[in-house]
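Report on one structure; see the data block that follows.
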Amino acid sequence: MTLRFLGTTSDDGDCPTLYEIEGTSEILVQGDRETDPEHLVQLRDVKPSETFVRVPRSLLTRYALSSNPPALQPFASISHLFSEFRHTAWRLETRGGYATDRNSPKWARFLAGEDIVADPDNAWRDNVRAQTAQGKRFERVRLVDEPLTQGQEFLLASGLGNVAAGEDIRNLPRAEAERLRLPEYDFWLFDSKIVARFAFDENDTTLGVYVTEDPAEVLAACQARDAAWHHAVPTQEFARRVRSTV
């Protein structure tokens with residue numbers, strides 16, 4: 001079963017940390033092993049397979065108090081949020097590529113070496129322009145590998161058009177994301193209170209989203225946003241860096 005990183009109260013990447021065991025109602029706790037003999041003799045009903053770790057109370061109160069897990073919904077179920085959000089729509093993209101990109105008409109043109117930046121605005125860009133004209137912000141951080149995958153090269157090329165429409169898109173090396181302990185899943189965060197976490201299959205096809213306002217999930221998303229945004233590089237600057245190495 002897959003582990004999903006929930007959060008940590010450590011500033012240097014060490015323990016303590018909480019993970020959710022997806023598909024279950026169980027939490028995996030990472031912490032320092034309890035070795036105090038006086039404590040160990042006071043424990044009750046200990047099985048041979050059990051061990052014990054210490055974690056700060058704040059780790060549990062921040063991340064472990066979760067309601068029932070949300071149900072998987074079609075991505076279309078959150079389409080209204082992209083116009084109804086009040087302040088900020090923020091996205092973390094973690095994958096090396098997306099099936100929606102490979103299935104788009106732009107993909108073949110991109111592989112043929114055509115310029116896809118100056119394409120006419122589509123519905124997405126029209127909405128970005130409309131929302132940002134009201135002072136709202138569309139922002140996203142894309143994790144990138146070294147070297148870039150083909151899918152990431154496509155996103156870099158097409159993303160410049162989104163930036164021109166008003167999105168602030170930034171790029172962050174995956175190694176840096178791992179150092180920052182960022183989540184390994186994609187999500188949208190709306191107004192720092194609604195999280196829509198993506199589910200994908202093995203072919204990078206979107207299966208749907210898990211939508212929640214659970215405080216622990218929202219806090220983890222906000223912390224990931226703040227860390228990623230601080231270290232990520234704006235798309236135009238990142239594109240110049242890439243061009244200078246080829």
Side-chain angles (χ1 to χ4, degrees), residues 1-32 51 53-75 77-78 81 89-100 140-145 149 151-152 172-229 231-232:
M1 294 181 180
T2 302
L3 291 182
R4 185 168 69 87
F5 173 77
L6 291 180
T8 179
T9 52
S10 173
D11 293 328
D12 54 10
D14 294 331
C15 59
T17 304
L18 288 185
Y19 303 87
E20 176 185 73
I21 304 176
E22 293 196 328
T24 76
S25 59
E26 296 180 324
I27 299 293
L28 189 149
V29 181
Q30 174 186 342
D32 290 322
T51 189
V53 298
R54 295 187 182 195
V55 296
R57 185 186 300 272
S58 59
L59 179 70
L60 301 178
T61 57
R62 286 187 189 181
Y63 301 111
L65 298 179
S66 179
S67 57
N68 293 329
L72 185 65
Q73 303 179 30
F75 180 77
S77 68
I78 66 168
L81 293 174
W90 192 91
R91 169 78 183 267
L92 179 67
E93 295 183 357
T94 67
R95 303 182 75 82
Y98 296 87
T100 51
R140 70 176 83 203
V141 169
R142 288 172 167 160
L143 304 192
V144 289
D145 295 288
T149 68
Q152 291 163 354
L172 183 69
R174 192 176 302 278
E176 181 72 0
E178 292 173 354
R179 185 188 71 80
L180 295 170
R181 306 296 296 278
L182 296 184
E184 297 178 350
Y185 52 85
D186 286 37
F187 65 85
W188 277 101
L189 174 64
F190 299 95
D191 293 330
S192 300
K193 67 178 184 180
I194 300 174
V195 177
R197 176 167 53 89
F198 284 75
F200 295 95
D201 67 14
E202 64 277 7
N203 297 315
D204 306 312
T205 299
T206 301
L207 300 176
V209 287
Y210 299 99
V211 183
T212 182
E213 296 185 46
D214 180 83
E217 291 248 16
V218 172
L219 175 61
C222 289
Q223 290 180 327
R225 175 198 59 198
D226 292 347
W229 199 247
H231 293 274

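- In plain terms, the two heavy atoms of Pro74 and Val209 that are nearest each other are O-CG2, 4.0 Å.
- Atom CD of Glu184 has 12 or fewer neighbouring heavy atoms from other residues, nucleotides or ligands inside a 6.0 Å radius.
- Under the 4.0 Å criterion applied to side-chain N and carboxylate O atoms, Glu217 and Arg4 are assigned as salt-bridge partners.
- In this structure, Gln152 and Arg142 have side chains that are not in contact, with every pair of non-hydrogen atoms separated by 4.5 Å or more.
- Here the CD1 atom belonging to Ile194 is positioned 13.0 Å from the CG atom belonging to Asp214, to the nearest 0.5 angstrom.
- Remark: Tyr98 pairs with Phe200 by the ring pair (Phe, Tyr, Trp, His ring centres under 6.0 Å) rule, at least two apart or across chains.
- Considering CG of Leu3 and CG of Leu18, their distance stands at 11.5 Å, rounded to 0.5 Å.
- Using a 4.5 Å heavy-atom cutoff, the side chains of Gln223 and Arg181 are not in contact.
- Ring pair Phe198/Phe75: centre-to-centre distance below 6.0 Å.
- Between the side chain of Thr24 and the backbone N or O of Glu26, at least one donor-acceptor pair lies under 3.5 Å.
- Partners of Tyr210 under the side chain to side chain donor-acceptor pair (under 3.5 Å) rule, at least two apart in sequence or in another chain, do not exist in this structure.
- With sequence neighbours excluded, the residues that form a side chain to side chain contact (heavy atoms under 4.5 Å, CB included) with Thr51 are Arg33.
- Under the 4.5 Å side-chain criterion, counting only non-hydrogen atoms from C-beta, Thr9 is in contact with Pro16.
- The backbone N or O of Thr205 sits nowhere less than 3.5 Å from a side-chain atom of Asn203 that would complete a donor-acceptor pair.
- Arg91 and Asp186 are joined by a salt bridge, as a carboxylate oxygen and a charged side-chain nitrogen come within less than 4.0 angstrom of each other.
- Phe190 contributes atom CZ, which lies 4.5 Å from atom CD1 of Ile78 (distance to the nearest 0.5 angstrom).
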**Item:** Candidate pair Ile21 and Ile27, rule side-chain contact (heavy atoms from CB on, under 4.5 Å), full reasoning
**Value:** CA-CA 6 Å; Ile21 304 176; Ile27 299 293; over 6 Å; no
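- At least one side-chain heavy atom of Trp229 sits less than 4.5 Å from a side-chain heavy atom of Val141.
- A 4.5 Å side-chain heavy-atom check between Phe5 and Thr17 finds at least one atom pair inside the cut-off.
- Ala177 meets the side chain to side chain contact (heavy atoms under 4.5 Å, CB included) test with Leu143, Leu172, Leu182; sequence neighbours excluded.
- Nearest heavy atoms, Arg174 versus Gly96: NH2-N, 4.1 Å.
- With hydrogens and angles ignored, the 3.5 Å screen pairs no side-chain donor or acceptor of Asp32 with any backbone N or O of Arg54.
- Among residues two or more places apart in sequence or in another chain, the side chain to side chain contact (heavy atoms under 4.5 Å, CB included) test is passed with Ala221 by Phe187, Leu189, Val195.
- Screening residues 189-199 for side chain to side chain donor-acceptor pair (under 3.5 Å), with sequence neighbours left out, gives Glu22-Arg197, Ser192-Arg225.
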